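Here the structure comes first, spelled out in structure tokens, and everything after it is commentary.
Not measured: the values here are computed from a predicted model. Here is how names work: the chains are called A, B, and so on, in the same order as the sequence lines, proteins then strands, and each is numbered from 1.
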Number of protein chains: 2
Amino acid sequence: MARRRQSVTIKHVAADAGVSLQTVSRVINNEPNVRPAMKERVQASIDKLGYTPSIAAQRMSGSRSYLIMALNDRERTIADWRERRGTDWVDQMLLGGMLTCAEHGYRMIVELIDTHSDHVERELSAALMALQPDGVVLTPPHSENALITGLLADRGIPFARIGSIAPGPGFALTMGDARNAFDATRRLIELGHTRIGMIAGPDAYSLSAWRVEGWRQALSEAGLPHEGLCAAGDFGFESGSDAARTLLTQDDPPTAIVASSDQMALATLDVARELGLSVPRDLSVVSFDNTPIVRFTDPPLTAVDQPIAETISRAVELIIRSRSDAAPDAVIDVEGSLVERGSTAPAPHLKGVKRA
Amino acid sequence: MARRRQSVTIKHVAADAGVSLQTVSRVINNEPNVRPAMKERVQASIDKLGYTPSIAAQRMSGSRSYLIMALNDRERTIADWRERRGTDWVDQMLLGGMLTCAEHGYRMIVELIDTHSDHVERELSAALMALQPDGVVLTPPHSENALITGLLADRGIPFARIGSIAPGPGFALTMGDARNAFDATRRLIELGHTRIGMIAGPDAYSLSAWRVEGWRQALSEAGLPHEGLCAAGDFGFESGSDAARTLLTQDDPPTAIVASSDQMALATLDVARELGLSVPRDLSVVSFDNTPIVRFTDPPLTAVDQPIAETISRAVELIIRSRSDAAPDAVIDVEGSLVERGSTAPAPHLKGVKRA
DNA sequence: TAGTGCCTTGTGAACGCTAACAATGACAGG
DNA sequence: CCTGTCATTGTTAGCGTTCACAAGGCACTA
């Protein structure tokens, strides 16, 4: 009820140390021209009174807000929540991003915005005004949204596009999706598979396209077919079931499937079981993301490890550092890897497996 | 580089509408005494210019910050991240809390603080000053920390204690841990189990104690023993393995185990496999939390559904509403439930199962 | 008609902090 | 000894918003 003002302000510190406000401000911000003795005296007062600057006031006077805004797709986030899916992105983002922010004295705040909405610009603008972040991390599919990147570039706010390979304004951080899909497919080919299916992600995500591209290229190089072997989902479990069913119930079904997300791979395991196929004996499955869940499935999933947390962490560092350096837009490639578990095996010798 | 001031401020709106700043402010805050015609005119200017208030400035002048701070245990969060565990709390909190905040025009920001540190007060104080949140959500084990609750109560900041049943300052929101543990144990007894083990959480969490209490009470009521059947972990996978091993390698091992977290239940499945025990034939397992992962294990886990997201959501609503109403401290009980899956079955008929 | 009160709008001051500039002092070079 | 330069500190104004209060308008009453 009682509107409580800031308990200890810079004014109190200044009074206690017997100096001007500005001097205290200088100490707080570690500015160069302060005599060591003075600095020490002020610091003592700060410690004594337990003073911490208010970022609201700092931001007001044109300084940093020490806030990095992570922009996430609202639709997808809500869907994840409703269906009680694991939230691969959100938690990785938070953990990787928040901890890195904290290391540098920053904070991360997650903001949800609909990508497909007509109000993207409006909403983003509002969020920027309200929070005054020093930088923004864009996750797919926002990373590809020209309205968003344009607005941020216009305002001169440093930002990073996660999972986007296209050069352009801001930092682009890719996790090598094409290469990872290529390697995973290549591995399946080495295991003797000749019909290898792909469950792609939604079109709005350019990384979906890159994964499909890697898969297709590996097949081409080996002279294997890809026609009719690709079905698309939305990264979620349900859509994965549909896609897997489509692929596995066709005339000459694949003996291996690369799924563009862990959830869709889980769905593939379910569908396989339903069709009487044993994994990995009759069907090999490789998933993308390698979120914690895949270690505990039956069988544990061979997965492409997409180092999401590390990528976000890198993004945050780039943004924070870009304040001091002149910010050169750059494309950063974070290395992924294939983690082999129990869901992949040599191709079945008996061709044309019958289903239940 | 160029220090960019707020693009559209209240001043621009006032000029555009030809009124004073205060009038615009009144419209923004939906204050009563504004003539409809006036309100409409100002609103038109706001829409036209795409104006959004800066929360920094709002907070500066003593108004709300529209920020709710969620306080999480830093140690545990970092551990979750390092071990690539699923983050049951963080993502549920975010999803439940953030969405509810958004509905009311608020934002949620997650702040990590070490509970065991000597600097709790210091860190919390700093966070409060920096962010000026309108309310705070405390998750275990912070919910039990008198230093934290005391400080918040002193400052008159509304806050909620998640997973704490003790009355005291702030809202207490419990998920009925004791009752849920009781029900789960009761169910195992109905299935004919007579030796039922418990893998408890760490002492710092009072909900650990409540779960143990529920388990013990169910056993007592049925005249079953509990001595030597409880081992403690830290909610994480590794500690769960140790605890499960301790319970299952004793002379007269339990035929059913209630684990205080999904991760520890997963570990129990692993240890059972390692010892040559088949779940649920030789051993029934019930877990706590019901995070998404438990649907996909082998076998799928019977789990106590702790409605974390809903609880956080309730907490946020209480906090937001407490601004207007006089805030009566209250204890809210959110109903949990038992979700039966494949990891529970009637007690094995052959007693004294030998292990490999 | 003047007085009373409410409803509506406007006016300064303040919130906590920093940028820009001014002022002070020390020290070196001429 | 004077002057210029640099390092250090202080002073003023302003960031965008709301609070407390003042002022004006109108309707109704006496």
Do A/Val137 and A/Met69 come within less than 4.5 Å of each other through their side chains, counting heavy atoms only?
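No, too far: nothing below the 4.5 Å cut-off.
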A/Glu31 side chain: which of C/dT18, C/dA19, D/dG16 is closest?
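For the A/Glu31 side chain, the nearest candidate turns out to be C/dA19.
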Under the side chain to side chain contact (heavy atoms under 4.5 Å, CB included) rule, collect the residues that match up with [X], sequence neighbours excluded.
X	answer
B/Glu123	B/Arg74, B/Ile113, B/Ser117, B/His119
B/Glu103	none
A/Glu31	A/Arg26, A/Asn29
B/Thr100	B/His104, B/Ser313, B/Val316, B/Glu317

Determine: side-chain N/O of B/Tyr66 to OP1/OP2 of D/dT17, distance under 4.0 Å, yes or no.
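No, outside the criterion.
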Distance test, side-chain N/O of B/Ser54 to OP1/OP2 of D/dT17, below 4.0 Å
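No.
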So does B/Ser61 reach the base of D/dT17 with its side chain, donor to acceptor, closer than 3.5 Å?
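Between D/dT17 and B/Ser61, which were checked side chain against base, a qualifying N/O pair under 3.5 Å is present.
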Whole-Å distance separating the [atom1] atom of [X] from the [atom2] atom of [N]:
X	N	atom1	atom2	result
A/Lys11	C/dC15	NZ	C1'	8 Å
B/Met60	C/dC15	CE	C1'	4 Å
A/Ile55	C/dG16	CD1	P	15 Å
A/His12	C/dC15	NE2	C1'	12 Å

Once salt bridge (charged side-chain N to carboxylate O under 4.0 Å, His left out) is applied, do any residues pair with [X], and if so which ones, sequence neighbours excluded?
X	answer
B/Asp333	B/Arg179
A/Glu111	B/Arg107
A/Asp16	A/Lys48

Go through the structure and list residues passing side chain to side chain donor-acceptor pair (under 3.5 Å) with B/Asn30, not counting sequence neighbours.
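Counting only residues at least two positions away or on another chain, B/Asn30 forms a side chain to side chain donor-acceptor pair (under 3.5 Å) with B/Lys39.
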Residues in side chain to side chain donor-acceptor pair (under 3.5 Å) contact with A/Thr174, at least two apart in sequence or another chain:
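Residues passing side chain to side chain donor-acceptor pair (under 3.5 Å) with A/Thr174: none at all.
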Do A/Asn72 side-chain atoms and A/Leu112 backbone N/O form a donor-acceptor pair below 3.5 Å?
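Between the backbone of A/Leu112 and the side chain of A/Asn72 there is no qualifying donor-acceptor contact (under 3.5 Å).
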Mind running a 4.0 Å heavy-atom check of residues 41-49 of chain A against DNA chain C and sending the residues that fall below it, in number order?
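Nothing qualifies; none.
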For the helix from C/dT1-D/dA30 to C/dG30-D/dC1, how many degrees between its two end axes (five pairs per end), to the nearest 10°?
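Here the local axes at opposite ends form an angle of 60°.
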Protein-nucleotides 5-11 of chain D N/O pairs under 3.5 Å:
residue, atom, partner, partner atom, Å
D/dT8, OP2, A/Asn33, OD1, 3.3
D/dT9, OP1, A/Arg35, NE, 3.4
D/dT9, OP1, A/Arg35, NH2, 3.0
D/dT9, OP2, A/Arg35, N, 3.2
D/dT9, O4, A/Arg26, NH2, 3.4
D/dG10, OP2, A/Ser20, N, 3.0
D/dG10, OP2, A/Ser20, OG, 3.0
D/dG10, OP2, A/Thr23, OG1, 2.7
D/dG10, N7, A/Arg26, NH1, 3.4
D/dG10, O6, A/Arg26, NH2, 2.7

